[in-house]
Number of protein chains: 2
Amino acid sequence: MVQKSALARPPASGMAKAGEATRQAIIDTAEKMFSDQGITAVSLRSILAEAGANTAAAHYHFGSKENLIAEVFARRAKRVADERMDRLGEVLKRDDDATLLEEIIRAFIEPGFFGGADTREAGEQFARLRARLTTDDSELAGRLLSDVFDESSHRYMKALSDALPDLSKIDVQWRFHALLGVMVYTVTGPGRIQSLTDNACDPSDLHTAVEHLVPTLAGMFRAPPTLFTT
Amino acid sequence: MVQKSALARPPASGMAKAGEATRQAIIDTAEKMFSDQGITAVSLRSILAEAGANTAAAHYHFGSKENLIAEVFARRAKRVADERMDRLGEVLKRDDDATLLEEIIRAFIEPGFFGGADTREAGEQFARLRARLTTDDSELAGRLLSDVFDESSHRYMKALSDALPDLSKIDVQWRFHALLGVMVYTVTGPGRIQSLTDNACDPSDLHTAVEHLVPTLAGMFRAPPTLFTT
DNA sequence: GTCTATAGCTGGATAGAC
DNA sequence: GTCTATCCAGCTATAGAC
């Protein structure tokens, strides 16, 4: 086999294929466009145009749009889950103290909002993508999220139960559901509260959001047990 | 003009047009299918097939898909807002007591989950539709929701501020945002907590959801003021 | 006024040249 | 291995027969 050209392609260590760069460009562009505009709202064609590739390349590398979504998701998701586990381990190492609950919540939210990537901006983009996935296609989202996040979420629920011995399991579960809801709603940013407050309150600023949500959600978990069973 | 047939169409009182029944059938079917499957996921064609109408009828009555969405929304939305206002008025008439906060929250959530229709089932369907609208097309949703709900939401935020004099405005706004997030996430039902708990916790049962969320969210509002400004 | 037929697009996926 | 050209299905919206 004759090499057509040695131009501009250094003999990178593990890189076997030339098309690897195209593949990465498609994934990068897809992540950006999906998180900005939504999964179903963005066509493969528009991604490929933006990435400077063609439909055949997408089919060659991924086979289908759903597979592309899955690859965009997989690239960062496990890292977010791992960051959550590591941070929970750190928090639980310390002695029990008055702010344990806050620290558990923060250890869950911060990787969720900023984790999985090398910069916080890239992490935010991935957070928006996961939230879009949840609301756009909950069937696909259910499969992808369960595989990667069930284990770490179970550990967090266990840690919350231990930190709040007065609460029943079902109470912890409902409040964890509420925590997830606040996070997804904050990241998808429907803009209701911005509209209601003339932008005084702006949850799209996720750094400020964390500082408000951590103490607020801690208060939620500290509410008395629900006197109710069905 | 000769009446082609007098069969099966009683001379209903205020009904001027014969096509009124078709119009209502389209709206009813659209509400059901939009709330079950999502707004963008459902095509006009499928709605019309289910309703036994044709594309021309839809164009004649509504002009476009967006107008149909707006009409489905308008039919019940104002009634939900009115129910919220009425119930807030009732709550505030009573003397201040230990459960005022819970009653304000309940007065906001229950019309949101069940209101706007003659049966609670129909109200739940409409709640799912609004949540779908929020996540599917936040541009359209923003316009529709603002017009109908801004006034009542402002009154609730005012009532919450009065009931919680230690909280700053911005704290109340963030917590109201969290309240909205929990409601939308509960109603859209992505099913994460069901998956995490083997269906022990099931937020799609909105009646049980209210009983858990009211005390939980009250705890959230009662959290100490956030020691943080940006 | 009602409906059939279709225009005009856009989507994902693919065959086949090179 | 890469890309052009195309297939085919689905969508909204509308023209035109009756």
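As the structure is a computational prediction, the values presented were derived from the model and not from experiment. Below, chain A is the first sequence line, B the second, and so on; all start at residue 1.
- Of the residues near DNA chain D, V42(B) and A57(A), the one whose nearest nucleotide (by heavy atom distance) lies more toward the 5' end is A57(A).
- Stacking of R84(B) on the aromatic ring of F108(B) is recorded, both the 6.0 Å distance cut-off and the 45° axial limit being met.
- For the residue pair I104(B) and A159(B), the shortest heavy atom distance occurs at CD1-O, 3.9 Å.
- I69(A) places its CD1 atom 12 Å from the C1' atom of dG12(C), with the value rounded to the nearest Å.
- dG12(C) atom C1' lies 15 Å from atom CG of D137(A), rounded to whole Å.
- Atom pair Y60(B):OH and dT4(C):C1' shows a separation of 18 Å (rounding to whole Å applied).
- In this structure, CD1 of I47(A) is placed 17 Å from P of dT10(C), rounded to the nearest angstrom.
- At a cut-off of 3.5 Å, with distance as the only test, no side-chain donor of H61(B) or T22(B) sits close to an acceptor on the other residue.
- Exactly one residue among V184(B), T188(B), V182(B) makes a side-chain contact (heavy atoms from CB on, under 4.5 Å) with T186(B). That residue is V182(B).
- Donor-acceptor pairing under 3.5 Å is lacking for the side chains of N199(A) and Q194(A).
- Taking CG of L217(B) as the start and CZ of R106(B) as the end, the distance is 11.5 Å to the nearest 0.5 Å.
- Counting only heavy atoms from C-beta outward, the side chains of L145(B) and F73(B) approach each other to under 4.5 Å.
- Every ring pair (Phe, Tyr, Trp, His ring centres under 6.0 Å) that F114(B) has, sequence neighbours left out, goes to H207(B).
- The nearest whole Å value for the distance from the CG atom in L48(B) to the P atom in dG10(D) is 16 Å.
- Each end of the helix from dG1(C)-dC18(D) to dC18(C)-dG1(D) gets its own axis from five base pairs, and the two axes differ in direction by 20°, given to 10 degrees.
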*asked:* Does the protein touch nucleotides 13-18 of chain D at the base, only the backbone, or not at all? Give it as B, S and - per nucleotide, heavy atoms under 4.0 Å.
replied: SB----
